[in-house]
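Written below as structure tokens is the structure these notes are about.
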Amino acid sequence: MLYAFLLYTAQAVMMVLFTTGFVNYQSRQWEHAITRPRTSLRGLCWRFWVPSSAVAIALIFYAISSAHTLPNLAMLFNAITVFILTFVMFDADTNFWEYIARLAVLFGVGLTYYQSDFHQLSFAAMVVIFAVWVIVIWFFRGAIRYHVGRHIFAIWSIAAAFWLSVPPVVRGLTMTPLIRLEALSFSTIAIAVSGVFLARTHRLELQSQANAFQVEYDALTQTKSFAAFEAEYPKAFTDAHQNDTPLTLIAIDIDRFKAINDHFGHLIGNDVLTGIANTLQNQINDQGVNATLYRTGGEEFTIVCLGLSSQETLHLARACWQAVRSRDLPAGVYHIPCTLSCGLAEMTFADAKADDLFRRADKNLYQSKQRGRDTVTLFGQAVADMRPERAMETYTYFTQRVVDVKHNLNVIANEVLLAHYRRDRDLWETVTRPEPLQTQMTFMQEAARMNTKERMSIYLSAEEFAQPEIPETLGRFLAQPDAPKLLWVNLRRLPSAATLKRVRHRYEKYDIRIIPDVLHLQQDAAQVAEILPLVDGLNISLNGLREAFSDNTEAEAAMVAWYQRCRRFEVDVIFNQIENSVDADYVRHVLKGRFVQGYAFDQPELPRLG
């Protein structure tokens, strides 16, 4: 009894060792085979050799199992044979005819176990089970292979059906219930070990691939990383030199990307980076050229073009440059105009090392920046259309919303603002001085005609505000069909209480609200407190508040006190100059503000002059 137990244990250990070795070898060989082109001769040879070698191993064990000199190993070798032939049925990426060939071997070897007992009911049942099993495996083998439970169940089910249905005498061996159980137990050990081993190996391979991807690819843009560039570009340079093939570089920089980050926040900046990377990769794909895109800096990209001359690369660079500048990039809730500065360089015999070529491309990129950006430079000369020079100063009016952050960003007013285009910086700046009243009213009529404005606000100078005829002028304007229904008057400077007392009733006659700007709440606290009963709201500068308070706790306490004063006179508090998500969070969570205004909540659609 002890001898039988020890013998069985030894055979079980042998089964475990064989299974792990075979599964590891077979899996790696087949993965190597399927990476080669199916249409090549070498690929076909590998796809034939790997399963053929597995079948040969199975047939060797099958032949040894019938040897009368090894009766104690018969069931072990038979179990190995059945396991190998069923295991290869699950190989990934097999086509229909490869699957049929493996099926034919499995079915042919299986028939030899039944010998001439094909008339038995058990054989007919086995054929039906086998047919169903074959169809299921064909359609679902991909989902079974690396899932422990599915793998074990799929192979064990056919092994159990096989060992329980074979005839009473198989190849000279009487199949007693104990012998059947022994054969099934060996099959179960192999199946369980292979399932666990395959799943674990697959997880490790996926983790290894993920780690390699993190090193080779930039996590944000999914382009190749700077580490990959440092590893691959020198090799490409060396190969191009040795093979005398062209090699060109396109060095790319996003114009004024820091301003985008500062203005909209880093999350929007990340969206811009991803959008530009996708645009560049799409252009490479559309051109169908041998070029690789790398992210080599914060807002810098490099395209390595193999086998392309400078003129062919220039065609790709123009396509990338034009694709970015021709449309505004979607980023969060915004659509942001962007441009690129590009520098091209082609490898020459004078380039002793890879850095020589990269340095020339970077120098051409720098010249594009020096020429005013939005330029492609090759051989030190601009080869893409540059922005036209503008001698005249450019201004435009626009509206910016005042929103209620506690009620789904409902718009409570649209402020009329003037913007000046700065050519030297390629951006629009809001002009803080009040413009002539008639000009602002004309713009309000046009804005109201295009899109109904329930409430609008304009700026008046201190002199205009104090003039007695201004309220009447605004009242006549509000009576026109194209005018807003409600008007706010903003004042850049705090008016005196005496001025407010003198003219307030004239504005109240036409339901015009008075909302002065408060640039320094703490410094002007006394004057603000004096005029609170005479105004309808306060425009409070966020920058001024941050300068006044050293920490968030102090700022929050001060604003709570001011809210209490304002509520006493039904005065609204509006925070402006909120430029990004950091500002927005500060107002909402530290200052507990409700009414807000700024680029973080409304990006005006200004003309693109770049």
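Given the structure is predicted, the values throughout are model-derived calculations rather than measurements.
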Test item: Gln281 and Gln222 side chains (from C-beta on) under 4.5 Å apart, heavy atoms: no
Main-chain N/O of Asn95 paired with Glu98 side-chain donor or acceptor, under 3.5 Å: yes
Going by atom types only, do Arg102 and Thr94 share a side-chain donor-acceptor pair under 3.5 Å? no
Heavy-atom side-chain contact between Tyr586 and Ile578 under 4.5 Å: no
Hey, are the side chains of Phe237 and Val304 touching, using non-hydrogen atoms and a 4.5 Å cut-off? no
Between Arg360 and Asn364, is any side-chain donor less than 3.5 angstrom from a side-chain acceptor? no
Side-chain heavy atoms of Val88 within contact of Gln26, under 4.5 Å: yes
Parallel, tilted or perpendicular: which describes the rings of Phe90 and His151, with under 30° parallel and over 60° perpendicular? tilted
Tyr62 meets the ring pair (Phe, Tyr, Trp, His ring centres under 6.0 Å) criterion, sequence neighbours left out, with Tyr113
Donor-acceptor pair, Thr296 side chain versus Phe226 backbone, under 3.5 Å? no
What are the two closest non-hydrogen atoms of Ala240 and Leu247, and how far apart are they? CB-CB, 3.9 Å
Please report the shortest heavy-atom distance between Ala160 and Leu184, naming the atom on each side. CA-CD1, 3.6 Å
Please check this pair: side chain of Trp156 against backbone of Ser187, looking for a donor-acceptor N/O pair closer than 3.5 Å. no
If you look at every heavy atom in Ala251 and Leu365, which pair is closest and at what distance? O-CD1, 3.9 Å
What residue pairs, at least two apart or across chains, pass ring-ring contact (aromatic ring centres under 6.0 Å, His included) with a residue in residues 22-44? Phe18-Phe22, Phe22-Phe87, His32-Trp46
Closer than 4.0 angstrom, basic N to acidic O: yes or no for Asp91 and Arg141? no
Is it true that the side chains of Ser165 and Tyr114 contain a donor and an acceptor less than 3.5 Å apart? yes
Give a yes or no on whether the backbone of Trp163 and the side-chain of Arg180 come within a donor-acceptor separation of less than 3.5 Å. yes
Is the shortest distance from a Lys or Arg side-chain nitrogen in Asp356 or Lys353 to a carboxylate oxygen in the other one below 4.0 Å? yes
Using only atom types and a distance under 3.5 Å, with no angle test, would you say the side chain of Arg47 pairs donor to acceptor with the backbone of Val50? no
Which of these, Asp253, Val272, Ile252, sits in a side-chain contact (heavy atoms from CB on, under 4.5 Å) with Glu299? Asp253
Are Gln287 and His315 close enough that some pair of their side-chain heavy atoms sits under 4.5 Å apart? yes
With sequence neighbours excluded, what pairs up with Phe107 under the ring pair (Phe, Tyr, Trp, His ring centres under 6.0 Å) test? Phe130
Does any part of the side chain of Leu273, heavy atoms only, come nearer than 4.5 Å to the side chain of Phe257, both counted from C-beta? yes
Students often mix this up, so state it plainly: with edges at 30° and 60°, are the rings of Phe229 and Tyr294 parallel, tilted or perpendicular? perpendicular
Polar side chain donor-acceptor pair, Ser341 to Asp255, under 3.5 angstrom: yes
